[in-house]
Amino acid sequence: MTESTIESILHENRTFNPPETFAKDATIGSMEQYQALYDRAATDPAKFWEELAESELDWFEKWHTALDWQPPVAKWFDGGKLNITYNCLDRHLTTWRKNKAAIIWEGEPGDSRTYTYAQLHREVCKAANAIKAMGVNKGDRVGIYMPMVPEAAIAMLACARIGAVHSVVFGGFSAEALRDRLNDGEAKLVITADGGYRKDKTIPLKSAVDAALADNAAPTVTNVLVVQRTGQDVIMQEGRDVWWHDLVGAASADCPPEPMDSEDMLFVLYTSGSTGKPKGVVHTTGGYNLYTHVTTKWTFDLKDTDVFWCTADVGWITGHSYIIYGPLSNGATSLMYEGVPRPSNPGCFWDVIEKYGVTIFYTAPTAIRAFIKMGDDLPEARDLSSLRLLGTVGEPINPEAWMWYHTVIGKEKCPIVDTWWQTETGGFMLTPLPGATPTKPGSATKPFPGILADVVDLDGNSVGANEGGYLVVKHPWPSMMRTVYGDFDRFRRSYWEHIPAKDGNFMYFAGDGARKDADGYFWVMGRVDDVINVSGHRLGTMEIESALVSHPAVAEAAVVGKPDDLKGEAVVAFVILDGGYTGGDDLAKELKAHVTQEIGAIARPDDIRFAEDLPKTRSGKIMRRLLRNLASGQEIAGDTSTLQDRSVLDKLRG
Ligand code: WTA
């Protein structure tokens with residue numbers, strides 16, 4: 001966050017009450033109602049969730065224990081059996097929703113398709129039979145590396161149908177990043193497409209899969225299932241690669257849902273941490289189904305007439321929870337959009353809202369800031385009157401962007417839900433309930449009922465009003481991550497050992513700094529670890545450093561974030577070259593391209609600064625705090641007495 005953003009947030013005191021007409025029809029329509037729910041949930045969270053599990057989901061068999069909590073291992077609804085696709089599909093087929101649109105897909109260039117619940121169910125069953133025929137069994141991992149096409153959703157649901165574990169890798173990641181994730185998860189099958197459309201270009205996906213698998217570098221993968229999307233040339237390897245339209249096209253549409261234990265793994269999703277390689281965040285079936293269902297229902301105050309549009313990519317948790325599982329479990333209409341705003345089509349989001357009469361629109365602050373730059377004419381030239389609720393996710397929203405969203409897009413009549421959560425949390429943790437919670441621009445407001453969140457110091461003591469501290473959660477919740485795939489110890493270390501248990505409460509440490517104001521509203525200030533948030537995408541500085549040092553010219557690298565008006569944070573890399581290389585524009589360009597190749601364009605450094613040395617402590621630790629000051633052109637703040645060699649700083653300043 002920039003200094004000016006922090007300043008404006010610290011002085012933010014505007015409050016917006018839910019519009020009366022909205023509150024009148026809302027499921028939770030007043031603060032009294034929220035507080036009553038919150039209090040009931042806080043008194044006995046397990047009972048609260050158990051009642052909801054009973055009323056909101058269909059189970060094949062009931063659980064024997066609502067919550068078994070042996071910190072940090074939580075089991076929710078142990079003994080219960082269900083299948084999330086039954087809740088997302090089958091149960092709607094016996095109601096009028098059978099022919100309701102489940103997924104409306106607006107593709108590029110100019111394509112569109114709609115799947116009713118009956119049609120989606122049929123396609124999912126066919127795909128499930130097809131992947132079964134490829135030898136994928138319950139518990140096997142399946143990599144999904146796809147553009148934003150309906151087949152991405154169908155592939156995920158098909159895995160869940162037969163109890164296979166999907167591991168979606170964002171289509172913008174490179175072949176190298178894909179290979180690492182496939183290997184870490186020991187995937188048996190990869191589902192991909194020939195290519196995808198991205199900003200007026202096509203991106204090659206199948207050839208990236210080929211590169212990831214070349215020379216038997218991902219030896220667990222035995223098959224690749226390929227959706228034809230762009231029609232570009234691809235090489236199909238005999239015996240390994242199969243076209244989706246051949247195999248799924250010919251498969252039977254009869255595939256009963258596999259009865260899953262509540263704690264059976266549903267998916268793995270990789271995310272960046274502060275150390276080492278990305279972590280495979282593991283989510284299980286029952287708790288995740290319940291939590292995404294309830295948070296979608298209450299936070300978006302879903303009605304059967306809603307057209308719900310979450311602009312995320314299915315490659316991120318937001319796409320998993322709030323394009324697919326949450327909306328479908330509720331029988332909602334979920335809109336999926338393949339495009340992104342770009343100079344040749346800057347008004348595309350507003351066109352989509354107008355075309356489909358979108359009622360709930362959920363996007364990232366980065367997108368909002370980009371729209372502000374593009375000017376008000378674009379949204380003002382479209383009919384956005386269908387909108388009734390807006391949401392944001394991914395990074396702190398600066399009050400100016402919030403106000404623009406409120407006025408220009410929401411016409412001052414749509415509540416805004418600023419939802420704070422993480423890949424690890426599975427669903428919303430802090431969020432307004434739109435018919436109840438008065439909002440303040442820049443605040444994610446209050447915890448969702450059943451979530452015991454707090455801001456504490458390093459000893460686990462709650463800090464006073466308006467004091468900065470660490471954001472923690474003090475009681476398990478149904479969709480919390482269960483482990484890091486293949487590395488339970490890392491799970492324990494990353495999330496449960498930073499802050500000591502207090503009064504018997506183990507504390508989940510989120511990695512974010514926050515403060516709570518006198519009204520108990522949370523203000524999330526951003527990451528306090530070595531994770532940076534670029535355009536709402538989470539990147540580990542260590543990952544980018546490893547990518548840089550894998551280039552022959554680089555001896556050492558340190559990466560930090562620097563505040564950026566548009567992207568939230570920009571990537572700045574301090575690079576020390578090996579003898580024989582000299583820094584310059586060409587090498588900087590080459591290093592940027594190298595990071596793109598190693599990780600993907602989202603991690604491409606904005607700024608490469610060649611240096612002779614890095615500021616280190618006497619024990620040899622890089623002092624990133626000082627680099628952050630340097631990167632953003634600020635005065636060096638805080639103590640520098642532990643610095644090994646002060647002259648390093650002067651040289652870096654230039
Ligand atoms: C940040 C995305 C402030 C935060 C769902 C968190 C936010 C990280 C917000 C998780 C918000 C997400 N306000 N910060 N409303 N939402 N963040 O795993 O730093 O990709 O820890 O999950 O994004 O990113 P992730």
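All figures in this text were calculated on a predicted structure; none of them were measured in a lab. Indexing begins at 1, ligand by ligand and atom by atom, following the structure's order.
Here the two rings, on Phe173 and Tyr270, have centers that are 6.0 Å apart or farther. Under the 6.0 Å cut-off for aromatic ring centres, Trp477 and Tyr508 qualify, their centroids lying closer than that.
Interface atoms of ligand 1 facing Val524, defined by a heavy-atom separation under 4.0 Å, are 3 (C), 14 (N). Atoms of ligand 1 found under 4.0 Å from any heavy atom of Thr318 (numbered from 1 in listed order, with element): 5 (C). Here is the list of ligand 1 atoms found below 4.0 Å of a heavy atom in Ile317: 5 (C), 22 (O). Listed by atom number, the atoms of ligand 1 under 4.0 Å from Asn533 heavy atoms are 1 (C), 23 (O). Residue-ligand proximity, Val393 to ligand 1, at heavy-atom distances under 4.0 Å covers atoms 5 (C).
With respect to the salt-bridge test (charged N to carboxylate O, under 4.0 angstrom), the residues Asp459 and Lys502 do not qualify. Between Asp517 and Lys440, at least one side-chain N (NZ, or NE/NH1/NH2) sits under 4.0 Å from a carboxylate O, which counts as a salt bridge.
If you look at Thr419 next to ligand 1, the close heavy atoms, those under 4.0 Å, all belong to the backbone. When heavy-atom distances to ligand 1 are checked against a 4.0 Å cut-off, Glu395 comes that close only through its backbone atoms N, CA, C and O.
Gln597 and Ser174 are not linked by any side-chain donor-acceptor pair at a separation below 3.5 angstrom, with hydrogens and angles left out of the test. Of the N and O atoms on the side chains of Asp306 and Thr359, at least one donor lies less than 3.5 Å from an acceptor on the other residue. Thr295 and Tyr322 form a side-chain donor-acceptor contact under 3.5 Å, judged by distance and modelled atom types alone.
Residue contacts with ligand 1 include Trp421, since one of its heavy atoms falls under 4.0 Å from the ligand. At a 4.0 Å cut-off, at least one heavy atom of Pro396 sits close enough to ligand 1 to count as contact. In this structure, Ala444 does not count as a contact residue of ligand 1, since none of its heavy atoms falls inside 4.0 Å of the ligand.
Classification of the Phe361-Trp309 ring pair by plane angle, with boundaries at 30° and 60°, yields tilted.
Closest to atom 24 (O) of ligand 1, if we only count protein heavy atoms, is Arg538 CD, 3.2 Å. For atom 18 (O) of ligand 1, the closest non-hydrogen atom on the protein side is Thr423 OG1, 2.5 Å. Of all protein heavy atoms, the one lying nearest to atom 23 (O) of ligand 1 is Gly394 O, 3.2 Å.
Two residues are said to be in side-chain contact when any heavy atoms from C-beta on lie closer than 4.5 Å; Thr292 and His320 fail this criterion.
Of the options Leu430, Val531, Asp512, the smallest heavy-atom separation from atom 4 (C) of ligand 1 is shown by Asp512.
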